[in-house]
Amino acid sequence: MTSPLSHTIDLGRRHPSAVLLLVQLLGIVAYPFLGDQPVGRAVFGVFGLLVLTLAVRAVRLTPALTWLAVLLGLPVVVLTVAEGFVPGNETVVLVSALFHSAFYVYTTYALVRYMFADDVATTDELWATGATFTVLAWAFAYLYAAVQIVWPDSFIAAVDAGDPRSWMDLLFLSVTTLSSTGLSDIVPVTPHARSFVMLEQIAGMLYLAMVVARVTALTLRRP
């Protein structure tokens, strides 16, 4: 008889997109409890590596190139560890943010190819619609982190307007922009910041129009 633990592990193996989505959603909830102290940053760094591992595992099941995901992922691992040792070094943070963003953009591409690879909407492909959204939101959040280093004061907010935005602030901006809810009190004010925010708005619109609509149509076609 299969134990509950074995059954859970088997479900995770068959639905990696669901695991990736769940872990990222848990990260959104857990991050406020970690804070900006060294221990909190260390825990968040370990969590980031877990998400990275799950993303690479998800890419392995897609038609995309796994070796390219690994090639992008290895510098991310090294830079994540480096950030833990020198959290205030802007050069390390900038390079890390750019590599993180590139890795998550490629993961987004891989998941989209996965959902478009056939004319059957599997259960994991349905989970992939949510995982792709969160992965793309992560990609733009890291991109915003790089933007505010290259162009200081790119973003202002209702609270502590002149301070650099925290990771949670930038992720909040990214999610509200990508989902087109417009609830964010964080505003891009420099031309470069606004251009990247507009790109994310377009990406969110295209994602809903193309990917979600297609997967939903395939689901409705099921016998």
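All heavy atoms count here, side chains included; hydrogens, waters and symmetry mates do not. Being a predicted model, the structure only gives us computed values, none of them experimental.
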Out of curiosity, does V150 fall in the hydrophobic cluster containing F140 (side-chain heavy atoms, cut-off under 4.5 Å, transitive links)?
yes
Name the one of T176, I28, T134 that satisfies side-chain contact (heavy atoms from CB on, under 4.5 Å) with L171?
I28
Only counting residues at least two apart or in another chain, list the ones meeting ring pair (Phe, Tyr, Trp, His ring centres under 6.0 Å) with Y144.
F155
Check for a donor-acceptor pair, side chain of S101 on one end and backbone N or O of L98 on the other, with a separation under 3.5 Å.
no
Measure up the W151 and F196 rings against each other and bin them: parallel (under 30°), tilted (30 to 60°), perpendicular (over 60°).
tilted
T108 side-chain N/O to Y104 backbone N/O, donor-acceptor pair under 3.5 Å
yes
Are the side chains of T80 and H100 in touch, meaning some heavy atoms are under 4.5 Å apart?
yes
Hey, does L173 have a side-chain heavy atom less than 4.5 Å from the side chain of R165?
no
Are side-chain heavy atoms of D185 and F172 found at a separation under 4.5 Å?
yes
Contacts of S180 that satisfy side chain to side chain contact (heavy atoms under 4.5 Å, CB included) - sequence neighbours left out
none
What closest approach, in Å, do V76 and F103 show between heavy atoms, and which atom pair accounts for it?
CG2-CB, 4.2 Å
Is a donor on one side and an acceptor on the other found under 3.5 Å between the side chain of S174 and the backbone of A137?
yes
Are there over 12 heavy-atom neighbours, none belonging to F99, within less than 6.0 Å of that residue's CZ?
no
